[in-house]
Amino acid sequence: MTVTPADIRTAADRIRDHVVDTPLLPDEALSAMLGQPVLMKCEHRQTTGAFKLRGAANAILSLDRGALRGVATASTGNHGRAVAHAARALGVPAVVCLSRLVPANKVRAIRDLGADVRLVGDSQDDAMAEVSRAVTREGLTEIPPFDHPAVVAGQGTVGLEIGAPDTVLVPLSGGGLAAGIAVAVKALSPRTRVIGLTMERGAAMAASLRAGHPVAVTETATLADSLGGGIGLQNRVTFALCRDLLDSVVLLTEPEIAQGIRHLGRLGHIVEGAAAVGTAALLAGKVVPRGPTVAILSGGNIDPALHARVMAGADTVAA
Ligand SMILES: *Cc1c(COP(=O)(O)O)cnc(C)c1O
């Protein structure tokens, strides 16, 4: 099961009326510092505050509307929010199952979008078990957060909007965004480097790529909370695409991610930790630009109190 460049072009046509073609803006400060053009793809300005709306809208629009009794998902937040928004826009009921660890601001945002939010357990596994129950008992259709061809194709539409830079820096968790962007970008520009970025601890895709197969990792608190969670031991789509298409994966410490949030914050871009990893890697010298470089700012849904603490100098998620 895979995703082709044609699938991504089809997705772009399908979701056109439901998503924003977000701006691609120069990061003048980083460009001057590094001597190469650095650009920010502003998905924190996407409707619902993250790129996840692209995959969710494409997946829901790909379903047989006649058979649709409703959709369900488990999510660390941004995907649930995207499913809720897309479902409401398309007139489909949505159930969103979340672990009790998901930040309160994200839970509230999903409820405000009219979804039936179910808070269960304290892990992503518990939330996913609740989705399975809803699928079996209530006849809902699951919209997975990353490991689904229509979701990957939707996320890949970001790659159609960034031209053909030398390097693309993509936040990496389950790999839907990285896989989709890599398929789109490598088709347009085979020499473009696509680099996945994630936190040092608890990064399931990074550990799985090292092991050569999907593995589970222990989750730890991180500024990049949207990058937490496993990739699924039965992963069908994203593991193979990330293995085959990513040029490398770079790991960031919490202080490095905090630096990235602060740099972007000073430029007026309020982003969550997951969205700051590309900028963080450039600031830390862990990625050396060798031509035009695009950092994907994947989302802006950070708890305002946490953002304020980081701007004031905090280097970790601890209060
Ligand atoms: C989901 C998410 C990611 C990671 O995307 P994957 O497709 O799971 O790799 C990165 N940043 C933000 C803001 C997200 O919500």
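Note: hydrogens, waters and symmetry copies are ignored here, and every other heavy atom, side chains too, is used.
- Within a 6.0 Å radius of CZ in Arg266, other residues, nucleotides and ligands contribute more than 12 heavy atoms.
- A salt bridge does not link Asp21 to Arg45: none of the charged side-chain nitrogens sits closer than 4.0 Å to a carboxylate oxygen.
- Salt bridge status for Lys286 with Glu256: present, with a side-chain N to carboxylate O gap under 4.0 Å.
- The minimum heavy-atom distance between His79 and Ala74, with the atom names listed, is CD2-O, 4.3 Å.
- Side-chain contact, Ser62 with Arg14: a donor N or O sits under 3.5 Å from an acceptor N or O.
- The closest side-chain donor-acceptor pair between Ser226 and Glu272 falls under 3.5 angstrom.
- Residue Arg201 places its CZ atom among 12 or fewer non-hydrogen atoms of other residues, nucleotides or ligands, all under 6.0 Å distant.
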Steps toward side-chain contact (heavy atoms from CB on, under 4.5 Å) verdict (Asp27, Leu39) | CA-CA 5 Å; Asp27 180 335; Leu39 298 135; over 6 Å; no
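- For Thr47, there are no side chain to side chain donor-acceptor pair (under 3.5 Å) partners at least two apart in sequence or on another chain.
- Side-chain contact of Asn235 with Thr238: a donor-acceptor pair under 3.5 Å is present, judged by distance alone.
- Note: the hydrophobic cluster containing Leu251 also contains Leu172 (ILVMFWY, side chain heavy atoms under 4.5 Å, direct or indirect links).
- Remark: His269 engages His44 in a ring pair (Phe, Tyr, Trp, His ring centres under 6.0 Å) (not counting sequence neighbours).
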